[in-house]
Amino acid sequence: MDYNQNGSSNRNDRDNGQWDRWNSNASNSSYYNQPTHRPYGQAFSVAAAVCGLLSVTTCCTVILSLPLGALGILFAVLAHRKGKRMNSACITGLTLSIIGLASALLIMIYSLVMLPVLMKNESFRNQINTMTEQMYGINFSDFMKQYYGYSFD
């Protein structure tokens, strides 16, 4: 038989401040009362990393890369808003989002600057005219004049 300091055989004798450490609930020990929640901003950090990775991989398709890069930067800022240090996923997401966004903007600007130069090349112009005739039923020059008011001549 197991006895406490006061000589009683009651294992759960809490009136005298005695309790069985192996058969106690978690509220008796401060070690077990620690919060078990995830760190703040972890979901935003992972979302920033995923959006940044997708932004870099889709930078050739400017339409997808621009919103993904902007979302990645937004999620990284939301994860960092409490003034805590950024974790590695957040830093990676922010870096990849900036790279994807910048490369998509550079590709878009380069395409807009080079389009008038490329339209002076006869073989390129024939290829573009063939594609727009198949898709829209009119050649590229007429398409640009009709919808955007821009002429390459």
Side-chain angles (χ1 to χ4, degrees), residues 11-12 14 17-153:
R11 290 181 187 239
N12 293 324
R14 295 176 197 255
Q18 299 291 325
W19 55 277
D20 185 10
R21 68 181 183 150
W22 304 110
N23 194 17
S24 65
N25 60 15
S27 64
N28 289 330
S29 174
S30 64
Y31 177 78
Y32 291 107
N33 287 334
Q34 300 298 318
T36 57
H37 59 82
R38 286 193 234 172
Y40 176 79
Q42 187 175 2
F44 284 131
S45 297
V46 172
V50 169
C51 286
L53 183 65
L54 290 174
S55 176
V56 168
T57 56
T58 61
C59 69
C60 292
T61 62
V62 175
I63 295 170
L64 290 175
S65 185
L66 290 175
L68 286 172
L71 280 174
I73 292 171
L74 175 70
F75 288 144
V77 167
L78 287 175
H80 185 61
R81 71 177 173 170
K82 288 291 184 181
K84 296 181 181 173
R85 214 174 114 189
M86 285 187 179
N87 59 8
S88 60
C90 191
I91 293 171
T92 303
L94 182 64
T95 306
L96 290 175
S97 296
I98 290 171
I99 290 171
L101 192 65
S103 61
L105 285 173
L106 286 174
I107 289 172
M108 186 173 69
I109 290 169
Y110 179 77
S111 299
L112 291 175
V113 167
M114 290 303 294
L115 186 62
V117 174
L118 288 172
M119 288 306 286
K120 292 179 182 176
N121 185 351
E122 192 63 36
S123 63
F124 181 79
R125 190 175 204 163
N126 289 336
Q127 289 176 350
I128 294 293
N129 283 334
T130 303
M131 286 191 312
T132 53
E133 283 176 2
Q134 289 175 354
M135 289 192 296
Y136 304 112
I138 56 175
N139 64 10
F140 187 71
S141 298
D142 294 339
F143 177 81
M144 290 298 285
K145 283 179 193 173
Q146 183 177 353
Y147 292 106
Y148 296 107
Y150 184 79
S151 176
F152 291 106
D153 298 329

Listed once per pair and sorted, the side-chain hydrogen bond (donor to acceptor under 3.5 Å, both in side chains) pairs that draw on residues 55-76, sequence neighbours left out: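 Sorted result for residues 55-76: Ser55-Ser65.
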Residue pairs passing the side-chain hydrogen bond (donor to acceptor under 3.5 Å, both in side chains) test where at least one lies in residues 92-105, sequence neighbours excluded: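 Counting only pairs at least two positions apart or across chains, no side-chain hydrogen bond (donor to acceptor under 3.5 Å, both in side chains) contact touches residues 92-105.
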For residues [X] and [Y], report the shortest heavy-atom separation together with the two atoms involved.
X	Y	answer
Thr132	Phe140	OG1-N, 3.1 Å
Ala47	Phe75	CB-CD1, 3.5 Å
Met86	Ala76	CE-O, 4.1 Å
Ile138	Asp142	CD1-C, 4.1 Å

Atom pair [atom1] ([X]) and [atom2] ([Y]), whose distance is rounded to the nearest 0.5 Å:
X	Y	atom1	atom2	value
His80	Asn87	NE2	CG	11.0 Å
Leu115	Lys120	CG	NZ	11.5 Å
Asn126	Asn121	CG	CG	9.0 Å

Non-hydrogen side-chain atoms of Val50 and Leu68 separated by less than 4.5 Å: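 No, side chains not in contact.
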Phe124 side chain near Ile128 side chain, heavy-atom distance below 4.5 Å: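 Touching, per the 4.5 Å side-chain cut-off.
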Other residues, nucleotides, ligands: >12 heavy atoms within 6.0 Å of Ile63 CD1: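 Incorrect, the count does not exceed 12.
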Plane angle bin for Phe143 and Tyr148 - parallel if under 30°, tilted between 30 and 60°, otherwise perpendicular: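 The rings of Tyr148 and Phe143 stand perpendicular, inter-plane angle above 60°.
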Pair Leu54-Leu96, side-chain contact (heavy atoms from CB on, under 4.5 Å): steps then yes or no: CA-CA 9 Å; Leu54 290 174; Leu96 290 175; over 6 Å; no
Candidates Val56, Val46, Leu71, Ile73 - the one meeting side chain to side chain contact (heavy atoms under 4.5 Å, CB included) with Cys51: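 The option that passes is Leu71.
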